[in-house]
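Read through the structure below, which is laid out as structure tokens, and then see the notes.
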2 protein chains.
Amino acid sequence: MESLGNPTRLRIYRTLVRAGFDGLPVGGLQQRLEIPASTLSHHCRKLIDAGLVTQERNGTTLICRANYKAMSALIGYLADECCADGRCEDVETAAVA
Amino acid sequence: MESLGNPTRLRIYRTLVRAGFDGLPVGGLQQRLEIPASTLSHHCRKLIDAGLVTQERNGTTLICRANYKAMSALIGYLADECCADGRCEDVETAAVA
DNA sequence: ATGCTATTTCGATATTCATGGAAATACTGA
DNA sequence: TCAGTATTTCCATGAATATCGAAATAGCAT
């Protein structure tokens, strides 16, 4: 959760989410976001450690993908227990909207 | 979003979410979480600034409440754009589960 | 007004975090 | 093996953050 607390990291993550299942190579992220390679690498590492992102080697490039399972778990965690008094139907519907 | 990046703050927020619409006075949080008053106050302030928590005075105590609207917006933001390629039905269903 | 409780602000400190250049490593193709 | 590209690790630095005791403020009851 704290992995997404950093604006840069949130940007990286959302970019990957948008990229979908094809993912993006680190270099692609670098171009798109204009972040120095080493900084980008640090952030990716954190996202990977947090389980929000996975990497797969494809020849000389590393493909990064958002881990949708982890994201849904995160969303579930946030929405969890908020409906004890039955007053947050809006939260549920908003989540699917 | 970064307001929830801090573990202590996340704990505070979840406690308030669980407390529901009745909310909790600052002192109640303090007892429950065993955090020094000043530290707690700082964190509450940040949550309030972020719009995730609201406060209302009730005599000599301040009642804190989780702002469900903000939470649903946050969830929506996370879930947003993740379904461009139509492959994350699981995310949607998980959110409501 | 005065005392009492709840909460915030002040001030100071230690720690963590983000950042990025330079060097190292990983892989591919010739 | 060598050259070339992609990515990470090393290292250092400045900035932001978390923490909390002590003092200040706010509101209520007497």
Side-chain angles (χ1 to χ4, degrees), chain A residues 1-67 70 74 78, chain B residues 1-67 70 74 78:
Chain A
M1 172 93 233
E2 46 234 271
S3 341
L4 294 180
N6 178 278
T8 305
R9 227 146 38 219
L10 187 55
R11 218 149 60 91
I12 295 172
Y13 184 67
R14 292 204 95 211
T15 304
L16 288 176
V17 166
R18 248 176 265 125
F21 264 99
D22 294 336
L24 272 177
V26 179
L29 281 171
Q30 194 181 345
Q31 277 192 319
R32 230 163 279 230
L33 303 175
E34 302 189 340
I35 297 171
S38 67
T39 304
L40 180 58
S41 185
H42 286 308
H43 286 309
C44 285
R45 164 65 68 93
K46 291 215 176 164
L47 288 169
I48 291 165
D49 287 350
L52 287 167
V53 165
T54 60
Q55 270 185 344
E56 185 193 344
R57 235 209 158 86
N58 191 340
T60 173
T61 66
L62 274 170
I63 306 279
C64 303
R65 284 192 191 81
N67 179 355
L74 178 60
L78 274 179
Chain B
M1 172 92 233
E2 47 234 89
S3 341
L4 294 180
N6 179 277
T8 305
R9 227 146 39 218
L10 186 55
R11 217 149 61 91
I12 295 172
Y13 183 67
R14 293 204 94 209
T15 304
L16 288 176
V17 165
R18 245 176 269 125
F21 263 98
D22 295 338
L24 273 177
V26 179
L29 281 171
Q30 193 182 344
Q31 277 192 319
R32 228 162 282 228
L33 303 175
E34 301 190 342
I35 297 171
S38 66
T39 304
L40 181 58
S41 185
H42 285 306
H43 286 309
C44 286
R45 165 64 67 93
K46 291 215 175 164
L47 288 170
I48 291 164
D49 287 350
L52 287 166
V53 165
T54 60
Q55 271 186 344
E56 185 192 346
R57 230 204 166 90
N58 192 340
T60 173
T61 67
L62 274 170
I63 306 279
C64 303
R65 285 191 190 83
N67 178 356
L74 178 59
L78 274 179

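A note on names: the letters A, B, ... follow the listed sequences, proteins ahead of strands, and every chain is numbered from 1. These numbers come from the heavy atoms of this one structure, side chains and all, not from hydrogens, waters or symmetry mates.
- The structure places CG of B/Leu16 at 9.0 Å from OG1 of B/Thr54, a figure rounded to the nearest 0.5 Å.
- A/Asn6 has its CG atom 13 Å from the C1' atom of D/dA15, to the nearest Å.
- Of the candidates D/dA18, D/dT8, C/dT7, D/dT8 carries the atom nearest the A/Arg45 side chain, counting heavy atoms from C-beta on.
- Along DNA chain C, the nucleotide nearest to A/Ile35 and the one nearest to A/Thr60 differ in position, and the one closer to the 5' end is contacted by A/Ile35.
- When the P atom of C/dA18 is taken as reference, atom CG of A/Leu4 falls 12 Å away, rounded to whole Å.
- Nearest to the side chain of A/Leu62, among C/dT7, D/dC20, D/dT8, sits D/dT8.
- Taking for each of A/Pro36 and A/Glu2 the nucleotide of DNA chain C with the nearest heavy atom, the 5'-most of the two is the partner of A/Glu2.
- In this model, the phosphate group of C/dA6 is not approached by any side-chain N or O of B/Thr61 to a distance below 4.0 Å at OP1 or OP2.
- B/Thr8 has a side-chain polar atom (N or O) that falls below the 4.0 Å cut-off from OP1 or OP2 of D/dT19.
- When heavy atoms are screened at a 4.0 angstrom cut-off, B/Gln55 is found touching the sugar-phosphate backbone but no base atom.
- Contact annotation for A/Ser41: base contact, defined as any heavy-atom pair under 4.0 Å involving a base atom.
- Whole-Å rounding puts the B/Ile48 CD1 to C/dT7 P distance at 12 Å.
- In this structure, B/Glu56 places its CD atom 16 Å from C1' of C/dA6, rounding to the nearest Å.
- Here C/dT7 presents its P atom at 11 Å from CG of B/Leu24, a figure rounded to the nearest Å.
- Nucleic acid contact class of B/His42 (heavy atoms, under 4.0 Å, all strands): base.
- Here C/dA18 presents its P atom at 16 Å from CG of A/Leu33, a figure rounded to the nearest Å.
- The side chain of B/His43 approaches D/dA18 more closely than any other nucleotide in the set C/dT8, D/dA18, C/dT19.
- One interatomic measurement links the two molecules: CZ of B/Arg11 to C1' of D/dA18, which rounds to 13 Å at whole-angstrom precision.
- By the 4.5 Å heavy-atom criterion applied to side chains, B/Ile35 and B/Leu29 are not counted as neighbours.
- Judged by distance alone, the side chain of B/Thr15 and the main-chain N or O of B/Arg11 form a donor-acceptor pair under 3.5 Å.
- Checked against C/dT19, C/dA18, D/dC20, the side chain of B/Ser38 finds its nearest nucleotide in D/dC20.
- Here the P atom of nucleotide C/dT7 and the CG atom of B/Leu29 are 9 Å apart, to the nearest Å.
- Partner of B/Tyr13 under the side chain to side chain contact (heavy atoms under 4.5 Å, CB included) criterion, out of B/Asn6, B/Thr8, B/Val53: B/Val53 alone.
- Between B/Gln30 and C/dA6 there is no side-chain N or O to OP1 or OP2 distance below 4.0 Å.
- You'll find that the side chain of A/Arg57 is closest to C/dA26, out of C/dA26, D/dT19, C/dG21.
- Using a 4.5 Å cut-off on side-chain heavy atoms (C-beta onward), B/Leu4 and B/Leu47 make contact.
- Side-chain contact between A/Val26 and A/Gln55 is present, with heavy atoms from C-beta onward closer than 4.5 Å.
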